[in-house]
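Each remark here refers to the structure printed beneath this line.
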Protein chains: 2
Amino acid sequence: MLKIGELASLAGVSRDTLRFYEKHGLIIPSQRTESGYRLYSNIDVERISFIVSAKEVGFTLNEIHQLLELEVTKDKKSCQDVKEFVDNKITIVNQRLLEIEKIKHSLQTLSDACCGGDEPATQCTILGALNEQAR
Amino acid sequence: MLKIGELASLAGVSRDTLRFYEKHGLIIPSQRTESGYRLYSNIDVERISFIVSAKEVGFTLNEIHQLLELEVTKDKKSCQDVKEFVDNKITIVNQRLLEIEKIKHSLQTLSDACCGGDEPATQCTILGALNEQAR
DNA sequence: CTTGACTCTAGACTATACTCCAAGGTTTAT
DNA sequence: ATAAACCTTGGAGTATAGTCTAGAGTCAAG
């Protein structure tokens with residue numbers, strides 16, 4: 001079991017952030033010591049790392065909360081709901097993948113093409129690079 | 001040339017957002033009418049669409065501003081600076097790509113596996129699906 | 001047995017990114 | 001020619017996601 005400071009430095013967030021996430025129901029420590037110190041388990045480690053990843057790729061805390069709440073209990077009703085919600089997110093994620101690929105490609109173009117090469121000057125801004133790639 | 005409302009609905013943002021971005025130097029209309037109406041060009045259309053994409057994949061307005069400011073003028077000095085900055089961003093983008101792929105995969109697992117199948121219940125939450133994939 | 005590093009709660013403060021409003025001017029459709 | 005639909009600026013307000021502070025308790029090492 002980890003104390004808050006240990007989990008914080010492991011996850012690369014601040015103690016305050018962990019307490020803030022707890023207040024908003026995202027990560028609630030499995031236990032407390034008698035004196036009230038939070039104690040986090042391995043599952044909590046996974047949980048915070050998911051939260052951090054999901055946040056980095058543009059999900060809001062609210063969306064992350066919903067994702068973490070998801071639980072398919074195999075009865076048809078919950079399944080239907082979850083599938084709908086998840087498929088929706090997959091669509092969004094796919095769009096983001098395309099967008100991030102596009103941006104990556106143009107950053108690459110920008111990095112590669114403009115250093116002493118004799119490419120046209122149109123490639124030498126991010127928008128130029130984006131257009132180059134669109135052709 | 002487009003008026004603010006036209007560009008706004010084209011880009012899927014509000015007029016206020018466009019004016020907000022202008023105040024922060026992200027997109028400044030090429031022209032104004034005599035009466036002071038903003039007029040946006042095709043380049044502005046590309047620009048706002050870049051801003052929206054970059055935002056969606058998790059760049060801040062500040063970072064986007066820096067990306068849009070980039071311009072390699074082929075003299076070595078500017079090139080060095082730009083390359084450094086851009087390569088840095090590429091690293092970040094690559095990390096995000098991995099993270100978003102991982103999340104996509106587990107969403108997919110969650111969507112596919114838990115509807116009437118007889119997969120173990122461990123796959124039936126987002127964290128379960130993430131772990132499944134890690135094996 | 002006390003000092004320093006850690007933890008607790010509650011609440012105030014901050015940054016980012018909008019979003020809305022007021023009070024007025026402009027354009028367009030009937 | 002007048003109403004509806006657009007546009008202007010400036011400034012206030014809101015949502016999200018922390019971040020910081022105060023005042024107090026806890027714990028491990030010397």
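Of all the residues in residues 53-67 of chain B, B:Lys55, B:Thr60, B:Leu61 reach under 4.0 Å from DNA chain C with at least one non-hydrogen atom. Taking a 4.0 Å limit (strictly below) on heavy-atom distances, residues 27-44 of chain A reaches DNA chain C at A:Arg32, A:Gly36, A:Tyr37, A:Arg38. At a non-hydrogen distance threshold of 4.0 Å, A:Asp16, A:Thr17, A:Phe20 from residues 11-20 of chain A come into contact with DNA chain D.
Put simply, the side chain of B:Arg47 never gets that close to the backbone of B:Ile28: no donor and acceptor are under 3.5 Å apart. Judged by distance alone, with hydrogens and angles left aside, the side-chain atoms of B:Ser111 form no donor-acceptor pair with the main-chain N or O of B:Leu107 at under 3.5 Å. Looking at A:Ser53, its side chain does come within 3.5 Å of a backbone N or O of A:Ser49 through a donor-acceptor pair. Distance alone, capped at 3.5 Å, is enough to place a donor-acceptor pair between the B:Arg96 side chain and the B:Val57 backbone.
Cluster annotation: B:Leu68 and B:Tyr40 are assigned to the same hydrophobic cluster (Ile/Leu/Val/Met/Phe/Trp/Tyr, side-chain heavy-atom contacts under 4.5 Å, transitive). When the side chains of ILVMFWY residues are joined at heavy-atom separations under 4.5 Å, either directly or via intervening members, A:Tyr21 and A:Tyr37 end up in two distinct hydrophobic clusters. Under a hydrophobic clustering in which Ile, Leu, Val, Met, Phe, Trp and Tyr are joined whenever their side-chain heavy atoms come within less than 4.5 Å, directly or via other members, B:Leu98 and B:Ile103 fall into different clusters. Residue A:Leu61 is grouped with residue B:Leu127 when hydrophobic side chains (ILVMFWY) are merged at heavy-atom distances under 4.5 angstrom, including chains of intermediate members.
Here B:Lys104 pairs with A:Asn94 under the side chain to side chain donor-acceptor pair (under 3.5 Å) rule; sequence neighbours left out. With sequence neighbours excluded, no residue satisfies side chain to side chain donor-acceptor pair (under 3.5 Å) with B:Asn62.
Residue-to-nucleotide proximity on DNA chain D shows that, of B:Gly5 and B:Lys23, the 5′-proximal contact is made by B:Gly5.
Protein chain A contacts DNA chain C over a range whose 5' and 3' limits, counting nucleotides with an atom under 4.0 angstrom from a non-hydrogen atom, are C:dC6 to C:dT9.
Checking each of A:Gln66, A:Glu84, A:Glu63 against A:Lys89 for a side-chain hydrogen bond (donor to acceptor under 3.5 Å, both in side chains) leaves exactly one that passes, namely A:Glu63.
Between A:Glu22 atom CD and A:Asp44 atom CG the span is 9.5 Å, to the nearest 0.5 Å.
Atom CD of A:Glu6 and atom P of D:dA28 are 11 Å apart (whole Å). When the P atom of D:dC7 is taken as reference, atom CE of B:Met1 falls 15 Å away, rounded to whole Å.
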key: A:Arg19 vs A:Arg15, side chain to side chain contact (heavy atoms under 4.5 Å, CB included): CA-CA, chis, key distance, verdict   = CA-CA 6 Å; A:Arg19 287 189 277 252; A:Arg15 277 165 289 205; 3.7 Å; yes
